[in-house]
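These notes are about the structure you will find just below.
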Amino acid sequence: MRGHLQISNLTKSFGGLNAIRDVTMALEPGVRAAVIGPNGAGKTTLFNMITGHLSPTAGSIRLDEGELIGLRPGAIVRRGISRAFQVASLFGTFTVREAMAAAVLSHRQRLFDLIGAFPAPAAFEHARHILSLIGLSDVEKSRCDTLSHGDRKLLDIALALALEPRILLLDEPTAGMGRDESRLMIDRIYRLWEAEGMSLVFIEHDMDIVFGIAEQVFVLRNGALLASGEPAEVRRHPQVIEAYLGSAT
Amino acid sequence: MKGTLKEVAVVVTIIAGAVIFSGLVESGSVRDSIIRLCGVGLFALSLNLLVGYTGLLSFGHAMFFGLGAYTFAILLRTTGFGIPLAAACSIALSGAVAAVVGAICVRLTHVYFAFLTLAIQMLFYSLLIACSGLTGGEQGLIGGIPRPKFLGVDLMQPGEYFVFNIAIFVAAAWALWRIVRSPFGAALRMIRDNPQRAVFLGVDVYRTKLAAFVLASAFAAIAGMLTALYVSGAYPNFAFWTMSGEGLFMIMLGGVNGFAGPVVGAGLLLLLDTVVNAYTAHRGLFLGLAILVTSLGLRKGVVDFVRDASDGRFASERTGGRSKERASGAQSGLHEAAIQQSNTEGV
Ligand SMILES: Nc1ncnc2c1ncn2[C@@H]1O[C@H](COP(=O)(O)OP(=O)(O)OP(=O)(O)O)[C@@H](O)[C@H]1O
Ligand SMILES: [Mg+2]
């Protein structure tokens, strides 16, 4: 399971605003990487380009030498990149396990079946396996639109996991959570990484979390890459201290 | 497998019931009402595949009802085709036209989709009027449709004709029932609930919507054929926008949250029609009132209302909160289907 992601000279402008400017970064397979930066730095925009939701103004994004730019989101998903959202994005009328089973079937390209019953036991089994990994087994029969905030975020990640990604992008997995809940979330994400071994790229504001689990940190500010490297290196970077850590702590 | 057997048993029971019923009941008017319900009920069910299950608010569905009816009637009148062959051709043609129309329309969402389907339907309606040599123009196809015997079935016999209608309706409804409960049906509901997320889970939203559009149109064509046989003709108002509007009204009246809601809505509308026509010429006024009462008074379909009410009666204390939730879910009903896609900007 390879999955080397190379982003080169990536730029995105919205009219006059350069949301991402000339960003170059590389991700080795299986890495745990964090993308940090103040609000509006362009973090979500970066994810949107990697996943094909937005097309860049310039630059390239290659996965194992294959260019991703120009591919539709569905094609990028099939190459092994999936994502969870800053605001959990679910299927309101589905129960948790139905939504998971649907995601599993989608991954197996079995959604275009008009004859079979939904959800079939095979898809269910895999769905429940992921739910137990992520700790949602006790709400598997609840409807998505009745879940708590934390469970919504977890399910959002679980849906992305159903696609068995080589690279999993998490947009602020702990957004809107208290300290304890955040810890629990990160703990679960770490265990998922241990179990599945995919690359993990997450956007995060809490520096304790970032320096606790990331092996590599990318700092964005005003769309540009300010610094990148191992956490210890980045932490010592004078401009990072001044621009971001200084104001955040 | 077990579920399938049970479903087959239900289908067979209903058809057997129809056989017994047609032997017992002599009243032509009761039978006629049921036959009429088979056509319009199936039309409403097919439309609900788009509106209720996929979140596609089509205002042009009657076009395929009309296309099925006209093709069927014309083939029976002008060729030596038997009923099965004429029906197969009508379904195939309607499906093919739906593939082209759908390919253009399902790229759009919300009100743009609604208006484009409406516009194409008006175009089709104008064609029906213009090609009077083939379609009879404004008058429609008058003078009757032959009902040749096929496979030992004689539709000139009122009893056999009645059972035939029930059988086609039940078979088609069963097919739709299976479709909405299949993985494909799940994909439709994913698209309805959150198209953006569906895309990021690898669902081919365009292809899935297009398939739903073609399927719904094919079933509408079957409904059109049953109706054409019933009235022994095909008329331009089959494909007029008011027919599409009535389909939506039936869905609203019955409710989008249960599979059978649209059929109940169709039945209520037919009933309302019969009563209103008996007492007054102001049909529009009473339909308008009925719409007002259901949308403002009940704020959901009749089936949803009954279900929520019985929920409330039997379990008001324990699940008060839950049933309220469902009520509010149902409340949005049709509106929700139409505007759901607007809450997907959170990327
Ligand atoms: N679709 C868009 N059209 C126009 N401007 C956009 C669009 N998406 C993002 N922007 C702008 O680009 C900049 C970067 O936005 P982005 O959402 O990537 O920031 P972020 O780093 O994820 O911030 P936050 O921490 O608040 O989530 C912002 O100024 C934002 O307003
Ligand atoms: Mg963001």
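Proteins come first, then strands; the chains are lettered A, B, ... in the order of their sequence lines, and each starts at number 1. Here the structure is a predicted model, which means the values were calculated and not measured.
Although no hydrogens or angles enter the test, the distance criterion places no donor-acceptor pair under 3.5 Å between the side chain of B/Asn194 and the main chain of A/Phe91.
For A/Glu125, the CD atom sits in a loose shell: 12 or fewer heavy atoms of surrounding residues, nucleotides or ligands are nearer than 6.0 Å. By the neighbour-count criterion of 12 heavy atoms within 6.0 Å, atom CD of A/Glu65 is sparsely surrounded, having that number or fewer from other residues, nucleotides or ligands. Annotation: B/Tyr112, atom OH; neighbour count of heavy atoms from other residues, nucleotides and ligands within 6.0 Å does not exceed 12.
The candidate with the highest count of non-hydrogen atom pairs below 4.5 Å against chain A, out of B/Gly202, B/Ala175, B/Ala198, is B/Gly202. The candidate from B/Val203, B/Leu201, B/Asp204 with the greatest count of non-hydrogen atom pairs under 4.5 Å with chain A is B/Leu201. Counting heavy-atom pairs closer than 4.5 Å to chain B, the top residue among A/Gly116, A/Cys144, A/Ala162 is A/Gly116.
Atoms CD1 and CZ, on A/Ile76 and B/Phe200 in that order, are 8.0 Å from each other to the nearest 0.5 Å. Taking OG1 from A/Thr93 and CE from B/Met190, the interatomic distance works out to 10.5 Å, rounded to the nearest 0.5 Å. Summarising the geometry, atom OG belonging to B/Ser182 is positioned 6.0 Å from atom CG belonging to A/Asp113; distances are rounded to the nearest 0.5 Å. Here the CD1-CZ distance, from A/Ile115 to B/Arg178, works out to 7.5 Å after rounding to the nearest 0.5 Å. Considering CZ of A/Phe112 and CZ of B/Arg207, their distance stands at 4.5 Å, rounded to 0.5 Å.
Of the atoms belonging to B/Ala211, it is side-chain heavy atoms, and not backbone ones, that fall under 4.5 Å from chain A. Contact of B/Arg181 with chain A is made through the backbone alone, with heavy-atom distances under 4.5 Å. Heavy atoms of A/Glu98 lying under 4.5 Å from chain B belong exclusively to its side chain.
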- Message: Run A/Asp156 and B/Arg197 through side-chain contact (heavy atoms from CB on, under 4.5 Å) and show every step you take.
- Response: CA-CA 10 Å; A/Asp156 197 27; B/Arg197 185 57 161 146; 2.7 Å; yes

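Side-chain atoms of A/Leu111 and B/Thr208, non-hydrogen and from C-beta on, never get closer than 4.5 Å to each other. Between A/Phe118 and B/Arg189 there is a side-chain heavy-atom pair separated by less than 4.5 Å.
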